[in-house]
Amino acid sequence: MSQTVKLLLEDGTTIEGESFGAFTSAAGEVVFSTAMTGYPENLTDPSFAGQILVLTTPMVGNYGVPGEDLYESISRIFESDKIHIAGLVVNYYSEEHSHWNAAKSLGDWLKEYNIPGIFNVDTRMLTKKLRENGAMLGKIVADTDVPFHDPNRDNLVAQVSQPGVQHYGHGQYKIVLVDCGTKTNIIRCFLERDVELIRVPWDYDFTALDYDGLFLSNGPGDPKMCEATIRHLQKALGQDKPIFGICLGSQLMGLAAGGDTFKLKYGHRSHNQPVKRTGTQRCYITSQNHGFAVDTATLPAEWQMLFENLNDGTCEGIKHTSKPFFSTQFHPEAAGGPEDTEFLFDDFLKAVVDYKAER
């Protein structure tokens, strides 16, 4: 039998619901995602660190959670080695689950990581509030009260970046992956393309390494917290080696180039964000999870917007006008989908091949 818990928002709103997962209290930034499937991937995405996630799809938990399966020492299924959200808010939680690869229930999985969940919540009303007022601080209160906490004041990247240098694959091209909270599917996408991947912590001075291309990963929180990453990236921008950034990596590229970033009202978190490639009529449906964006008006003249969000006109990627540097705010690796833009990994590696051929 479930126990009663409350979701409290910083504007004084109190929502009562029922507990699933761990019966404990937690605080964070309340955000919503309109993705209809893929909660195992979403909950393990490090970009959700510090956030209480509201899922707008009405039924959650009906297909359970798959068991772990490792490949090259990384997960084939999850986007990291643990759950990163602070709490989960859903309308209807299905205690019964059925799927061919389900190993446990969503509630049991949350308990393993001491993450609280609350259901029987009017998530439509809650999402409308967040859209109108913007993402706000909140807390799930179970056994004891906890203070509100703004995770964007923390260096979340330092919390989720893997310590030490790690190597994957044995391909002919060396790619340095700056881990700011990378999703595992980014690594999978590179390994499928026969590269040697060198994964380094967010503050590691990669400029001293021998590599053919540089990749900047996704990650949580305010990009301006990553001062060390930005300093190293500024050195890399002074060279000609290809650079590709995704999500937080796009924001870091904008900052290193001399531009600015800003916090979105409620962010983009879904699997259905439409973006258009600048200067064309070609559009793509993309997977996204971010709360900050690059202010293109602040970019130097040699930089321009590469993709535009068709919902609100914000920047979805930037590129250098003469050097092989580009980024996307959305997720070409898209776990869970769609996979419309995975070709950008091939574009990046083609730039690496061209760079090597010129040397």
Side-chain angles (χ1 to χ4, degrees), residues 29 31 45-51 84 134-135 150-161 176-183 186 200-204 206 214-237 243-270 273 275 278 286-300 302-309 311-320 323 325-333 341 344 348:
E29 181 183 36
V31 301
D45 180 353
S47 293
F48 276 121
Q51 296 178 328
H84 286 277
D150 184 358
N152 294 301
R153 295 181 178 273
D154 302 332
N155 189 339
L156 296 172
V157 167
Q159 296 177 18
V160 301
S161 178
V176 167
L177 185 160
V178 182
D179 178 14
C180 297
T182 187
K183 291 176 63 181
I186 289 172
V200 301
W202 71 281
D203 57 351
Y204 188 91
F206 53 81
L214 178 65
F215 178 84
L216 311 168
S217 86
N218 63 291
D222 188 341
K224 293 177 182 177
M225 291 284 185
C226 302
E227 295 179 357
T229 317
I230 295 168
R231 285 198 308 271
H232 299 146
L233 181 54
Q234 286 170 335
K235 293 181 184 179
L237 292 176
I243 305 175
F244 178 24
I246 287 177
C247 197
L248 183 79
S250 182
Q251 299 156 26
L252 294 175
M253 190 177 290
L255 291 169
D260 198 7
T261 56
F262 65 97
K263 193 174 191 302
L264 295 165
K265 184 176 181 180
Y266 47 82
H268 300 151
R269 299 174 181 89
S270 66
Q273 289 281 330
V275 304
T278 304
T286 66
S287 176
Q288 303 196 16
N289 177 14
H290 62 102
F292 290 79
V294 173
D295 182 356
T296 52
T298 65
L299 290 174
E302 64 270 21
W303 289 84
Q304 59 185 223
M305 184 160 64
L306 179 57
F307 293 96
E308 176 186 4
N309 189 293
N311 285 335
D312 59 14
T314 54
C315 176
E316 288 289 351
I318 60 175
K319 70 173 183 177
H320 195 278
K323 294 186 177 185
F325 308 152
F326 74 98
S327 68
T328 66
Q329 188 58 68
F330 53 87
H331 285 271
E333 85 289 347
T341 57
L344 291 168
F348 171 58

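Residue numbers run from 1 in the order of the sequence given.
In Glu227, the CD atom is not crowded: 12 or fewer heavy atoms of neighbouring residues, nucleotides or ligands sit closer than 6.0 Å.
In this structure, Asp222 has no side-chain hydrogen bond (donor to acceptor under 3.5 Å, both in side chains) partners at least two apart in sequence or on a different chain. With sequence neighbours left out, Lys224 forms a salt bridge (charged side-chain N to carboxylate O under 4.0 Å, His left out) with Asp260. Judged as a salt bridge (charged side-chain N to carboxylate O under 4.0 Å, His left out), and not counting sequence neighbours, the contacts of Lys323 are Asp240. In this view, Lys263 and Glu29 satisfy the salt bridge (charged side-chain N to carboxylate O under 4.0 Å, His left out) rule, not counting sequence neighbours. For the side-chain contact (heavy atoms from CB on, under 4.5 Å) test, residues two or more places apart in sequence or in another chain that qualify with Tyr266 are Phe32, Arg131. Scored by the salt bridge (charged side-chain N to carboxylate O under 4.0 Å, His left out) test, Arg231 finds no partners at all (sequence neighbours excluded).
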Could you go through the side chain to side chain contact (heavy atoms under 4.5 Å, CB included) check for Asn309 and Gln288 one step at a time? CA-CA 11 Å; Asn309 189 293; Gln288 303 196 16; 4.0 Å; yes
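When atom types are taken as modelled, the side chain of Glu333 and the backbone of Lys183 share no donor-acceptor pair closer than 3.5 angstrom. Between the side chain of Ser161 and the backbone N or O of Pro201 there is no donor-acceptor pair closer than 3.5 Å. At least one donor-acceptor pair under 3.5 Å links the side chain of Thr286 to the backbone N or O of Gln273. A distance-only check finds no donor-acceptor pair linking the side chain of Thr328 to the backbone of Ile246 [under 3.5 Å]. Using a distance-only test at 3.5 Å, with no hydrogens or angles considered, a donor-acceptor pair links the side chain of His232 to the main chain of Tyr204.
Among Leu216, Leu214, Ile186, the one residue that satisfies the side-chain contact (heavy atoms from CB on, under 4.5 Å) test with Leu177 is Ile186.
Side-chain rings of Phe326 and Phe244 approach one another, their centers coming within less than 6.0 Å.
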